[in-house]
Amino acid sequence: MSDKPVYVTQPYLPPLDEFIPYLQQIWDNKILTNGGPMHKELETALSNYLGVDHIALFNNGTIALLTALQALRVAGEVITTPYSFVATAHSLLWNGIKPVFVDIDPHTLNLDPARIEAAITPQTTAIMPVHCYGNPCDVEAIQKIADNYNLRVIYDAAHAFGVQDEEGSILRHGDLSVLSFHATKVFNTFEGGAIICPDAKTKKRIDQLKNFGFVDEVTVVAPGINGKMSEINAAFGLLQLQHIDRAMARRREISQAYREHLKDVKGIRIVEETGQKVANYSYFPILLEADYPLSRDELYLKLKENNIFARRYFYPLISEFPMYRGLASAQRNNLPVANAVAEKVICLPIYPALQEASINAVAELINQGAK
Ligand SMILES: *Cc1c(COP(=O)(O)O)cnc(C)c1O
């Protein structure tokens with residue numbers, strides 16, 4: 001049993017002394033927010049790192065999702081996945097949009113493109129898929145449907161920082177993609193987020209929307225919000241970028257170690273990384289199939305008793321929460337795959353500082369459970 005609790009994740013923090021010079025700069029120039037020098041520098045650095053043309057930074061991923069929907073004037077109904085963090089659907093409700101849940105693909109656990117068309121109505125204006133666990137959606141199939149029905153596509157790419165397919169960043173797909181830099185994500189700025197925009201004009205509109213709709217000192221063109229990333233968060237992002245490759249490489253090693261330990265355990269299905277050339281190893285989800293002797297919750301509790309706090313992402317499904325469960329599309333018979341997966345999934349601890357001994361302890365407990 002580990003003496004210290006091991007959580008599903010631990011935020012990555014670079015050495016504190018490396019952050020002091022950034023703080024000194026902020027203290028020197030006395031610009032704390034409103035698109036200051038750190039903010040500008042981080043936008044440039046992230047565009048380069050991610051391989052995208054235009055990025056607008058935000059104070060968190062949820063406000064970025066809200067603003068993305070506003071920027072494209074999405075209304076009516078939006079098709080989305082129930083298998084995600086609750087902010088995906090909440091961003092629709094906050095915009096007065098009706099979420100329409102569509103079931104997921106049993107292999108990728110992403111929105112199943114084959115089920116989208118049946119959910120389209122005259123009110124449908126957009127699709128909001130999630131690259132769940134950083135595994136890319138079937139972006140081509142989704143785009144084809146969007147083109148046929150004249151729908152917008154906004155990707156909730158909160159898990160997909162740094163993920164690439166054969167042609168480059170996964171974030172270039174759809175009309176907009178939204179990132180989260182929350183403490184628990186692969187790349188964190190304590191709190192933070194971003195919208196990847198296709199062109200300068202869209203970025204300009206988004207930059208206005210995240211600053212109350214201001215165009216200049218005396219002109220307000222839209223009922224905007226305060227979505228700006230502060231200088232301190234942007235500075236921290238610049239420092240994190242110096243460390244991100246090593247952090248992701250360590251995640252990869254941990255992922256491989258788990259795979260090695262668990263490959264012969266009966267009843268354990270590791271959710272495979274599929275469709276990406278570069279993965280980010282943001283989560284390590286496994287599914288407990290019927291031939292694993294313990295139920296998912298039994299294993300969850302067994303780990304907990306041993307000071308290991310795995311998490312059941314994503315359980316409960318978004319469609320089970322009170323503000324959604326009355327919707328016709330939220331009914332369980334409409335979402336058989338998502339409901340089944342939500343009962344079987346457990347995400348194991350994965351983060352750069354995770355110790356070898358903890359990886360072994362987790363694997364050992366799972367192996368014991370199989371006996
Ligand atoms: C983390 C997350 C969000 C919300 O991001 P915040 O930065 O915490 O607001 C949205 N969608 C998904 C899928 C997430 O995992």
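Just so you know, ligand 1 is whichever comes first in the structure, and atom 1 is the first atom listed for that ligand. Along the sequence shown, residues are numbered consecutively beginning with 1.
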NZ/NE/NH1/NH2 to OD/OE distance under 4.0 Å, Lys144 and Asp147: no
Which of the numbered atoms in ligand 1 are under 4.0 angstrom from any heavy atom belonging to Lys185? 1 (C), 2 (C), 14 (C), 15 (O)
Given the ring of Tyr300, does Arg312 sit roughly above its face, with NZ or CZ under 6.0 Å from the centre of the six-membered ring and within 45° of the axis? yes
Any idea which atoms of ligand 1 are less than 4.0 Å away from a heavy-atom of Ser84? 13 (C)
Any N or O of His159 closer than 3.5 Å to N or O of ligand 1: yes
Between His182 and ligand 1, does any nitrogen or oxygen pair lie at a separation below 3.5 Å? no
Closest candidate by heavy atom, reference atom 14 (C) of ligand 1, pool Ala64, Ala89, Ala158: Ala158
Side-chain touch Thr80/Thr88, heavy atoms, less than 4.5 angstrom: yes
If I apply the N/O under 3.5 Å rule, does Asp156 come out as touching ligand 1? yes
By number and element, which atoms of ligand 1 are closer than 4.0 Å to a non-hydrogen atom of Gly192? 7 (O)
What I want to know is whether Phe85 and ligand 1 share at least one N or O pair that is separated by under 3.5 angstrom. no
Would you say the ring centroid of His90 lies under 6.0 angstrom from that of Tyr324? yes
Salt-bridge present (Asp165, Lys277; N to O < 4.0 Å): no
Could you tell me which residues satisfy side-chain contact (heavy atoms from CB on, under 4.5 Å) with Val278, sequence neighbours excluded, listed by chain and number? Gln164
shortest atom 4 (C) of ligand 1-to-protein heavy-atom contact is with Thr62 OG1, 3.5 Å
Would you confirm whether Ser84, through its side chain, and Thr81, through its main-chain N or O, come within 3.5 Å as a donor-acceptor pair? no
